[in-house]
Amino acid sequence: MDNEIDLGQIDINSEPPIEEPARQYYFMAKCREWVREFERKNGRRPCFFTQTFGCQMNAKDSEKLAGILEAVGFLEADGEDADFVLYNTCTVRENANQRVYGRLGQLGVLKKKRPWMLIALCGCMMQEKEVIKKLKASYPFVDLIFGTHNIFQLAELLFRCLDQQKPVVEVWEETDKIVEKLPAQRKYSFKSGVNIMFGCNNFCSYCIVPYVRGRERSRSPQEIIREIKALAADGVVEVMLLGQNVNSYGKTLDKPVSFARLLEEVEQVEGIKRIRFMTSHPKDLSDELIEVMSRSVKVCPHLHLPLQSGSSRILKQMNRKYTKEQYLALAEKIKEAVPGISLTTDIIVGFPGETEEDFLETLDVVEKVSFDSAFTFIYSKRTGTPAAAMADQVPYDVVKERFDRLLKRVQEISAKALSRHLHTVQEVLAEEVNTHDGRLITGRLGNNTLVHFPGGPKLIGSVVSVSLDEFKGFYYMGNLKE
Ligand code: SAH
Ligand code: SF4
Ligand code: F3S
């Protein structure tokens, strides 16, 4: 598919085209010339290493970056002792940034020993002006910096960097463009993420994503279906539709399409057996979607529905646009319509002004909904967001104590909730050989729970029936059934 662009057809001595993606194909062909030259000089091909620091969308972007590098002839390395190291950064919480700076410090040391190395940074952190300033001042060995909006330009920017032999920094403030038909690497042969939209318009008051990812833009259903058909033809059986708020998919298209309609179209694609999606915002979750989920055989019975807080007062401050009662009613409605569905969530502890009473409301929702799992986060102040300027930032020790209490309760509840399928037979997608015991295969139920069972690598990528014989806290041990 898109990975089979014939770079040999491109005249690299002509002027670069203006239109995308033709322009990037041209620069890919230029980079390929450089790679060939490298190979002639060094007797080996150059290799690259990419590291993802963020969410599924960040990971998907890394696959696109790796796809471009492979198309121009780089080989993938499994560590930083590569010729080209690219960190795809995240800035959703401060600790994500700290990890990048830590790793970058080590890279600087490595580059002293390997001065020909090229070091590049991209992703959400690069959209922050303060970060760029700090990088220029303290990490001058970085060769290439680009942002989330021009990620498709990797080949062009890499070529500029190689050609000029000096650092390149190009970060766009925004874009309304979606560049299609560029190559992408695939981490797994049988499952793949598929972007359906980019950006976010919600401006939850704690969140930096709308500032670093820009306004919401949906891909056309035709492009999405084209990609999924090509993936299916290539052996993919599970797709994960990706967006910051998939429930508002399609609203800004010339011909608006609802997310529920898109799911129905994806369901028609032959060869696709499982459809997942991430993330749903409770405020936009429609009855139409619940209805499609209840009758679809391919859409997995799993909904990740971030709660953030159980206190209506805090939810208002967070600009989430729903109340505790509305969230509870929604969870009830979904559970009734899709029996056995797995509900999972995200929770932030210690949002400015959060009192013990507010926190108890969060615990109350956790009890009532009985989530299969919950990602719990300590509130992190993000410069430029409305919440960062709010009075009453909660002291760290208070937040930490609440966080520990929440985590303990979440773990107890999830262990109990997840065990509900014990002694049943379920369909499992066999995903990989178990990393601890080579005789076992690790797979997932439709609701995303992990199962380990005896089997061989031939099973990988197929959906098999497995009896769930033992429950181990958050996963099952099982056995294949005929
Ligand atoms: N678009 C998704 C979430 C993307 S960020 C949604 O709206 O659900 C993933 C999670 O990170 C969020 O759900 C939230 O729980 C958490 N998060 C975002 N900003 C945060 C911050 N400033 N501090 C702590 N956690 C945060
Ligand atoms: Fe952030 Fe809210 Fe957008 Fe999610 S919906 S990315 S939490 S602003
Ligand atoms: Fe992080 Fe950007 Fe995702 S900030 S969570 S990588 S959208």
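Note that ligands are numbered from 1 as they come in the structure, with each ligand's atoms numbered from 1 the same way.
Protein neighbours of ligand 3 below 4.0 Å, counting non-hydrogen atoms: Gly54, Cys55, Asn58, Cys90, Thr91, Val92, Cys124, Arg213, Gln244.
The shortest heavy-atom distance from Arg213 to ligand 2 is not under 4.0 Å. In this structure, Ile378 is part of the shell of residues with a heavy atom less than 4.0 angstrom from ligand 1. Proximity of Asn245 to ligand 1 is not established, as no heavy-atom distance is less than 4.0 Å. Between Ile348 and ligand 1 there is a heavy-atom distance shorter than 4.0 Å. Within the structure, ligand 1 lacks Gln56 among the residues with a heavy atom less than 4.0 angstrom away.
The minimum heavy-atom distance between Val92 and Val209, with the atom names listed, is CG2-CG2, 4.3 Å. Residues Leu242 and Val246 approach most closely at C-CG1, 4.1 Å, considering heavy atoms.
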Checklist entry - Are Glu156 and Arg23 close enough, and set up right, to give a salt bridge (Lys or Arg N to Asp or Glu O under 4.0 Å), and what steps lead you there? => result CA-CA 8 Å; Glu156 177 168 358; Arg23 185 175 174 87; 2.7 Å; yes

Checklist entry - When you look at Asn97 and Thr91, which way does the side chain to side chain donor-acceptor pair (under 3.5 Å) test go after all the steps? => result CA-CA 6 Å; Asn97 299 45; Thr91 184; 3.2 Å; yes

Item to check | Verdict with supporting geometry, Glu412 and Lys416, salt bridge (Lys or Arg N to Asp or Glu O under 4.0 Å) | outcome: CA-CA 6 Å; Glu412 288 161 1; Lys416 186 147 172 272; over 6 Å; no

Checklist entry - After noting the C-alpha distance and the side-chain angles of Glu357 and Arg313, does the key distance pass the salt bridge (Lys or Arg N to Asp or Glu O under 4.0 Å) rule? => result CA-CA 11 Å; Glu357 288 68 42; Arg313 192 180 72 83; over 6 Å; no

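Taken from OG1 in Thr345 to CZ in Phe371, the straight-line distance is 4.0 Å, to the nearest 0.5 Å. The NZ atom of Lys60 sits 11.5 Å away from atom CG of Leu65, with the distance rounded to the nearest 0.5 Å. The CG atom of Leu418 lies 4.5 Å from the CG atom of Asp372; values are rounded to the nearest 0.5 Å. Distance check: Met125 CE to Arg99 CZ gives 11.0 Å after rounding to the nearest 0.5 Å. Within the model, atoms CD1 of Ile178 and CE of Met197 stand 9.5 Å from one another, a figure rounded to the nearest 0.5 Å.
Nearest non-hydrogen protein atom to atom 25 (N) of ligand 1 is Arg93 NH1, 3.5 Å. Tyr206 CD1, 3.3 Å is the protein heavy atom nearest to atom 19 (N) of ligand 1. Summary of contacts: the protein heavy atom closest to atom 22 (N) of ligand 1 is Ser380 O, 2.8 Å. The single protein non-hydrogen atom nearest to atom 5 (S) of ligand 1 is Val92 CG2, 4.0 Å, given as residue, atom name and distance. Looking from atom 4 (C) of ligand 1 to the surrounding protein, the closest heavy atom is Gln244 OE1, 3.3 Å. Nearest to atom 8 (O) of ligand 1 among the protein's heavy atoms is Pro306 CG, 2.9 Å.
For the pair Gln308 and ligand 1, the shortest N or O to N or O distance falls below 3.5 Å. Between Arg382 and ligand 1, a contact under 3.5 Å exists for no N or O pair. Residue contacts with ligand 1: Thr279 is placed with no nitrogen or oxygen under 3.5 Å of a nitrogen or oxygen of the ligand (distance criterion only).
Remark: among candidates Leu305, Thr91, Leu307, Asp346, the nearest residue to atom 9 (C) of ligand 1 is Asp346, based on non-hydrogen atoms.
For the pair Glu431 and Lys191, the salt-bridge criterion is met [side-chain N within less than 4.0 Å of a carboxylate O].
Under a cutoff of 6.0 Å and an axis angle of 45°, Arg382 and Tyr206 do not form a cation-pi pair. Annotation: cation-pi geometry not satisfied between Lys400 and Phe403 (NZ/CZ under 6.0 angstrom from ring centroid, within 45° of ring axis). Judged by a 6.0 Å distance limit and a 45° cone about the ring axis, Lys251 is not positioned over the six-membered ring of Phe259.
At a threshold of 4.5 Å between non-hydrogen side-chain atoms, the residues Val369 and Leu328 count as touching.
No more than 12 heavy atoms of other residues, nucleotides or ligands lie within 6.0 Å of CD in Glu427, so this atom counts as exposed by the packing criterion.
Using a 4.0 Å cut-off to heavy atoms of Arg320, the atoms of ligand 2 that qualify are 2 (Fe), 7 (S). Close approach of ligand 1 to Tyr379 (heavy-atom distance below 4.0 Å) involves ligand atoms 23 (N), 24 (C). Atom numbering of ligand 2 starts at 1 in the shown order; those under 4.0 Å from a heavy atom of His281 are 5 (S). Atom numbering of ligand 1 starts at 1 in the shown order; those under 4.0 Å from a heavy atom of Arg320 are 7 (O).
In this structure, a donor-acceptor pair under 3.5 Å is present between the side chains of His421 and Asn447.
Using cut-offs of 30° and 60° for the angle between ring planes, the Trp172 and Phe152 rings count as perpendicular.
The number of protein N, O or S atoms lying under 2.8 Å from atom 1 (Fe) of ligand 2 is 1.
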